[in-house]
There are 2 protein chains.
Amino acid sequence: MPNATIRDVAREAQVSVASVSRALNGHERVRPELRARVQEVAARLGYVPHAGARSLSLARTSAIGVVLPDLHGEFFSELLRGMDREVAAQGLALLLTVLQDGRGLNTLAALRGQVDGLVVMAPQLGAAELRAQLPAGLPAVFLNCVPGLAGAALRVDNAAGAAAMVDHLVAAGARTIAHVAGPVGNVDAEERRAGAVAAAERAGVALTVVQGDFTEASGAAAAAQVARGAIRADALFAANDAMAIGALVALKGHGVAVPRQVRVAGFDDIPLARLVTPALTTMRVDIAALGARAVQLLARRIVAPAEGLVEVDPAGAEAIVPRLVVRDTTTETDRETQS
Amino acid sequence: MPNATIRDVAREAQVSVASVSRALNGHERVRPELRARVQEVAARLGYVPHAGARSLSLARTSAIGVVLPDLHGEFFSELLRGMDREVAAQGLALLLTVLQDGRGLNTLAALRGQVDGLVVMAPQLGAAELRAQLPAGLPAVFLNCVPGLAGAALRVDNAAGAAAMVDHLVAAGARTIAHVAGPVGNVDAEERRAGAVAAAERAGVALTVVQGDFTEASGAAAAAQVARGAIRADALFAANDAMAIGALVALKGHGVAVPRQVRVAGFDDIPLARLVTPALTTMRVDIAALGARAVQLLARRIVAPAEGLVEVDPAGAEAIVPRLVVRDTTTETDRETQS
DNA sequence: CTGAAAGCGCTTACAG
DNA sequence: CTGAAAGCGCTTACAG
C-alpha cells in the first residue's frame, strides 16, 4: 500500500485537511482534543508529510546544497562532517553535488526547488562561469572561490598560514627554502605560494619554487632534486601534506637526514601527518569548523537574504587562519607544540 | 526578481504551459518550430524547472538518500566518492544524512518525498528499529546492516579476503601462522578470523589466534609474544593494518627480520600501509566500488521495486571481495603486485 | 476554533 | 500537434 496522505488522516480523524495540517504543525488555534485525535490517527497510519509537496507550498525546502570539486581524501570528509554538524543543529538536510570537470553545466541550475541555498566550493571555476551556473536568487556561500561573487565568502587564509610556516622554518635555522607548489590555477596553491614568497622576502632568505601538483609523487620528485643537489635547500616546504609526506619518504630513501640536513613542512595537518616518521610539522586548518561556519552563514542568508547585518565582511571574505603545528620534521626535539 | 516559471515561458513564447512542458522534456509530438521557440525563450529567461513541483507531479524526485552512522575518516569519503560516481552517471542527486545516536527517530521518515530510495549503513541499529524508522514503500539497499531487512543487502566479503591472505602467506613459504584477531563482537573481525582459520585448515598449516583489538598496541603485544618465542610463527597476519603496523614496528624493535624470519600482513590497505618500511602486504577493500554498487542496486530497485530479477542474491547479501596487495612484508622483492 | 477554496509549479491524460 | 483542465500533496489567508 502506498504512503498515507494528509487526506487519509483527515478522513480517518473526521476533520478537514486544513485542521490536520494545523494540528500537526503546532498551530495555536487548535482544540486540544482535535489535535490529540489527529496525532493519534497520524501515528496509527504512519503518516509523514510529503517533503516535496510541503516545499512547493512553503517555497522552502529545508535542504541546502553543497557543491564540491571532488571527494578525495580526508579534507572533504572533515568538511562534510562540520557541515553536517551544523545542518543537523538547524534541522536542515544536505544535498551533495560533486562538480567535476566533465559534469554538465546545468548541474547547479537543476538544484532549483530542491534546496534553499548553496555552499559552493569551486576553486576551478571563474566568477563568470559560476555566476552563469547558479540559479538566480538562490542564497550562496562561497568557500575558497574567486572573489567578487554575490554571496558571503569564506576562505582559509592560506597566505598568512604559509607566511607563518616560512617564519617558523627561518626561526628553526633554515636559510634556503624550496617551496613545492600545488597545481597551477588552484587558488589554495597560489595563495600559499604567494604567502611563502612574501615571507621569505621579508625574512631575507632564499626561496625557490618547485612546481608540484598536490600528489605524493610530485613531492617525492621535488625531494629527489633536493637530495641530488639539483636544488639547494635546507628546508622543503610543500603546499600540502601529501606532497610533504612524499618528499619526506623520498629524502629518507636518498639518505638525507630530516630535519638535520633538510627540514620538511607541509600544510593541512591530515591525520597521516602525525603518523609518519619523523612526524610532520604542518599548518592545521580546522576544516570541520570551516564547514560548520559556512552552513551557519548560509542559514542566516536564507532567513534574511538581503540584510546588510548578515554580511560578515562586506569588503571581502571572512577568513579562517590556520594554526602552526610544530612536530619533528623541523625541530630536533620530540615535543609537539601548537601556537 | 524571482525565478521564471513555466507560465512565464508560456506567456513569452505564446503557447500553453503544456506545450512548454512537452517541448522542454523532449516529447515527440511537438512541432520543431514551436520547440525551438520555447527553447529560445526558456534560455533567455533562464528558466529552470522547479524540482519540487516536478517531483510532486511525477511522484519521483531523482534523488536518493544515503544514511551513514558517521563521517569520520577516509572510509566515508571513499564510500561517498563511489556513490557520487554512480549517482552522477544515473543523473541522480545525493541527499546525505548522518544518523548519530542522539538524532531524532524520525530523521529517516522525514525523507519521504525528498528521495526515491535509500542506501542505509546503520550497523548500530537492530532490524526492528530500522524497519520502524524507514518510510514504508521506499526502496532501500543496506550496507553492513543486520540481515533480514526488506531490501538488497551488500557487504564486504571479509572471510574470502582473509582466506586469500592465508593462501598467499602459505605460497610465500609460511607454515605456522599467528592471526591477530580484532575485538570480540566486531562483525568484520569475526569474519576475518573465521576465513583465516578455514583457509589454514584447508592448506594444512598451523594457525594460532591471538586476541587483539584493532589498535597498534595490541598488534605490538602480539608481535612481542612471537619475538620471544611464546608463540611460534613464521607469519603474523593481523585482522587490520593498524595492528599489523604495530606488530611490524615491534618485530623490528626485537631484531626480528621481516619478511625473512616472520612475514607480516594486514587488512584494509590504509594509506599508511604503503609508507611504513618495509611496505605492508595487505588486503585492499575497494570502498568506492562498494558505494557505487550500492547506488546501482538502488537505482534498479527504484525502477522495478518488486521484480525478482533485480534481486542479486535472494538468499543473503551480495559481497564485495577485497583484493590482495602484495608488498614487502611478505616477499623479498620490492615490486608491488596486485592480484 | 474550523472548513472550503485557492494556490505553489509542474505533468499528462483527454479532447480536439 | 496543441490547449484546457485535473491533479500531485501540502499550507494558509479568508470566512464563518
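Lettering follows sequence order; numbering is per chain, from 1. All values derive from a computational prediction rather than experimental measurement. These values consider heavy atoms only, across backbone and side chains, with no hydrogens, waters or symmetry-generated copies.
Under the salt bridge (charged side-chain N to carboxylate O under 4.0 Å, His left out) criterion, Arg60(B) pairs with no residue at all, not counting sequence neighbours. When the side-chain hydrogen bond (donor to acceptor under 3.5 Å, both in side chains) test is applied to Asp116(A), the partners found at least two apart in sequence or on another chain are Thr61(A). Under the rule for a side-chain hydrogen bond (donor to acceptor under 3.5 Å, both in side chains), Ser55(B) has no partner lying at least two apart in sequence or in another chain. By the side-chain hydrogen bond (donor to acceptor under 3.5 Å, both in side chains) test, Asn158(A) is found to be paired with Asp188(A), Glu191(A), Arg192(A), residues two or more places apart in sequence or in another chain being considered. Evaluation of the salt bridge (charged side-chain N to carboxylate O under 4.0 Å, His left out) rule for Arg7(B) yields no partner, not counting sequence neighbours. For the salt bridge (charged side-chain N to carboxylate O under 4.0 Å, His left out) test, residues two or more places apart in sequence or in another chain that qualify with Arg37(A) are Glu33(A). With sequence neighbours excluded, the residues forming a side chain to side chain contact (heavy atoms under 4.5 Å, CB included) with Val48(A) are Ala109(B), Arg112(B), listed by chain and number. Every residue two or more places apart in sequence or in another chain that forms a salt bridge (charged side-chain N to carboxylate O under 4.0 Å, His left out) with Asp8(B) is listed here: Arg11(B). For Arg155(B), there are no side-chain hydrogen bond (donor to acceptor under 3.5 Å, both in side chains) partners, not counting sequence neighbours.
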In dot-bracket, 5' to 3', how would DNA chain D read with Watson-Crick or G-U wobble pairs under 3.5 Å, [ ] for crossing ones and | for pairs to another strand? |||.||||||||.|||
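Counting non-hydrogen atoms under 4.0 angstrom, Ser21(B) reaches a base of the nucleic acid. Looking at heavy-atom distances under 4.0 Å, Arg31(B) makes contact with sugar-phosphate atoms alone, never a base. Residue contacts shown for Arg35(A) are absent, as no nucleic acid heavy atom lies under 4.0 Å away.
With DNA chain D read from its 5' end, the first of the two nearest nucleotides for Val20(A) and Pro32(B) is the one closest to Pro32(B). Where Val15(A) and Ile6(B) meet DNA chain C, the nucleotide closest to each residue was compared, and Val15(A) sits on the side nearer the 5' end.
Reading DNA chain C from its 5' end, the first and the last nucleotide to sit under 4.0 Å from a heavy atom of chain B are dG9(C) to dA13(C).
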Worked verdict on Gln90(B) versus Glu86(B) for side chain to side chain donor-acceptor pair (under 3.5 Å): CA-CA 6 Å; Gln90(B) 307 250 2; Glu86(B) 190 64 27; 3.0 Å; yes
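Less than 4.0 Å separates DNA chain C from at least one heavy atom of each of the following residues of residues 44-62 of chain A: Leu56(A), Ser57(A).
Straight-line distance between the P atoms of dG9(C) and dA13(C): roughly 23 Å, to the nearest whole Å. Taking the P atom of each, dT11(D) and dA15(D) are spaced 22 Å apart, rounded to whole Å.
When the shell of 6.0 Å around CD of Glu40(B) is examined, it contains more than 12 heavy atoms from other residues, nucleotides or ligands.
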